[in-house]
Amino acid sequence: MPELPEVEVVRRGLDAHVTGRTITAVEVLNLRAVRRHEPGPADFAGRLAGRSVVAASRRGKYLWLELDGAEAIIAHLGMSGQMLVQPEGVADEKHLRVRVRFADGGPELRFVDQRTFGGLALADMVEAAGAAVPAPVAHIARDPMDPAFDPDAAVTALRRKRTGVKRALLDQTLVSGVGNIYADESLWRTKLHWARPTEKLTRAQAGELLSAATEVMTEALAAGGTSFDALYVNVNGQSGYFERSLAVYGQEGKPCRRCGAEIRRDPFMNRSSYSCPRCQPMPRNPHV
DNA sequence: CCTAACTCCTGCATGC
DNA sequence: TGCATGCAGGAGTTAG
């Protein structure tokens with residue numbers, strides 16, 4: 001599932017293959033893919049023709065192609081979204097949702113998404129907390145890879161939230177970029193149970209958790225991202241290799257690599273949390 | 001204002 | 001074999 005490292009891999013691919021090019025035509029093959037673009041698919045396609053891409057940017061799991069004229073194509077990959085750069089004429093992917101053609105006649109950009117949780121939209125660039133971002137991203141906190149990321153402010157935000165630590169870590173308005181996989185990995189590295197109430201966290205513990213998240217995502221990025229069941233691929237259609245390095249996520253029943261206890265899976269927010277029962281003991285007052 | 005549940009979607013694995 | 005169910009889950013929306 002695309003979290004920060006996977007989205008960053010895609011951003012780099014887009015920067016290399018799309019930045020500097022001029023759009024000639026956009027084809028929306030699935031309405032749901034542009035549902036966040038309020039004026040509708042015709043408006044989306046019509047307003048993109050003739051525009052130039054000046055940069056590929058990212059905050060957390062959001063990425064966007066900045067255009068001339070203070071607008072951007074904002075993209076969220078959801079669970080299964082892919083940005084593919086394909087030569088014209090290559091057979092359409094089964095779940096091709098949007099096609100973008102360019103004036104140079106080179107490879108086209110394809111948004112492919114099986115589960116359709118992702119989508120594209122055209123948005124205005126706005127000023128938010130000293131940064132220029134598309135309007136729909138204004139409420140998203142800076143991620144740990146952002147040069148302007150403020151760890152102390154993030155620690156304060158996490159501890160102010162009255163909930164379990166994993167819920168807080170997944171809240172993109174506090175710290176962005178972390179999803180279910182890297183949340184579990186970060187908690188394991190910090191030896192914290194996912195249901196630990198945030199108000200019981202010391203500043204030091206919250207800081208260690210953020211450091212662990214930064215560390216694990218940095219390692220994943222170096223490996224090209226994490227991938228399962230071939231749903232996530234980078235801009236050229238290649239999967240990452242970080243899944244081999246996961247300590248707890250998806251490892252139910254396997255021995256903890258630190259203590260040997262069997263990794264457990266708990267239901268959490270209609271999904272799963274993986275943890276080591278010995279390294280990450282359940283708190284006395286779990287916040288489920 | 002705050003937190004948590006709900007909802008969207010497709011494909012694969014599992015069970016009866 | 002076929003059908004129902006569960007699971008993967010990010011984030012906007014709604015409810016309390």
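As the structure is a computational prediction, the values presented were derived from the model and not from experiment. Convention: sequence-line order gives letters A, B, ...; per-chain numbering from 1.
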Reckon [X] has a side-chain N or O less than 4.0 Å from the OP1 or OP2 of [N]?
{"X": "A:Q114", "N": "B:dG11", "answer": "no"}
{"X": "A:H95", "N": "B:dC9", "answer": "no"}
{"X": "A:S80", "N": "B:dC9", "answer": "no"}

Of the options [options], whose atoms approach the side-chain atoms of [X] most closely?
{"X": "A:H76", "options": "C:dA11, B:dT3, C:dA8", "answer": "C:dA11"}
{"X": "A:R167", "options": "B:dA4, B:dC8, B:dT3", "answer": "B:dA4"}
{"X": "A:R115", "options": "C:dA8, B:dG11, B:dT3", "answer": "C:dA8"}
{"X": "A:R32", "options": "B:dC9, C:dG10, B:dA4", "answer": "B:dC9"}
{"X": "A:R265", "options": "B:dC8, C:dC7, B:dG11", "answer": "C:dC7"}
{"X": "A:Y62", "options": "C:dA8, B:dC9, C:dA11", "answer": "C:dA11"}

Would you say that A:L122 contacts A:L67 through its side chain, given a criterion of any heavy-atom pair below 4.5 Å between the two side chains? yes

May I ask you to check whether over 12 heavy atoms, not counting those of A:D104, lie within 6.0 Å of atom CG?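 Yes, CG of A:D104 has more than 12 neighbouring heavy atoms, counting only those of other groups under 6.0 Å.
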
Write down the distance between [atom1] ([X]) and [atom2] ([N]), rounded to a whole number of angstrom.
{"X": "A:H287", "N": "B:dA5", "atom1": "NE2", "atom2": "C1'", "answer": "14 Å"}
{"X": "A:F268", "N": "C:dG6", "atom1": "CZ", "atom2": "P", "answer": "20 Å"}
{"X": "A:K94", "N": "B:dC9", "atom1": "NZ", "atom2": "C1'", "answer": "13 Å"}
{"X": "A:R59", "N": "C:dA11", "atom1": "CZ", "atom2": "C1'", "answer": "16 Å"}
{"X": "A:R36", "N": "B:dC9", "atom1": "CZ", "atom2": "C1'", "answer": "13 Å"}
{"X": "A:D266", "N": "C:dC7", "atom1": "CG", "atom2": "P", "answer": "13 Å"}
{"X": "A:M269", "N": "C:dA11", "atom1": "CE", "atom2": "P", "answer": "11 Å"}
{"X": "A:R162", "N": "B:dT3", "atom1": "CZ", "atom2": "C1'", "answer": "12 Å"}

Earlier contact from the 5' end, DNA chain B, for A:N270 and A:K161: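 Its nucleotide being nearer the 5' end, the pick is A:K161.
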
Between A:T163 and A:F117, which is nearer to the 5' end of DNA chain B once each is assigned its nearest nucleotide? A:T163

Between A:R35 and A:E38, which residue's closest nucleotide on DNA chain C lies nearer the 5′ terminus?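 The residue mapped nearer the 5' terminus is A:R35.
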
From A:E3 atom CD to A:K61 atom NZ, the distance as rounded to the nearest 0.5 Å: 5.5 Å

Considering all heavy atoms of both residues, which atom of A:V175 and which atom of A:A154 are nearest to each other, and what is their separation?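 Result for this residue pair: CG2-CB, 3.8 Å.
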
Could you tell me whether A:E252 and A:K254 make a salt bridge, using a distance below 4.0 angstrom between a side-chain N and a carboxylate O?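 Salt bridge absent between A:E252 and A:K254.
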
Partner of A:K161 under side-chain hydrogen bond (donor to acceptor under 3.5 Å, both in side chains), picked from A:D171, A:T198, A:T173, is A:D171

Do A:R271 side-chain and C:dG10 base share a donor-acceptor contact under 3.5 Å? yes

With both distances under 3.5 Å as the test, what is the Watson-Crick or G-U wobble partner of C:dA8?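 Its partner is B:dT10 (Watson-Crick or G-U wobble, both distances under 3.5 Å).
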
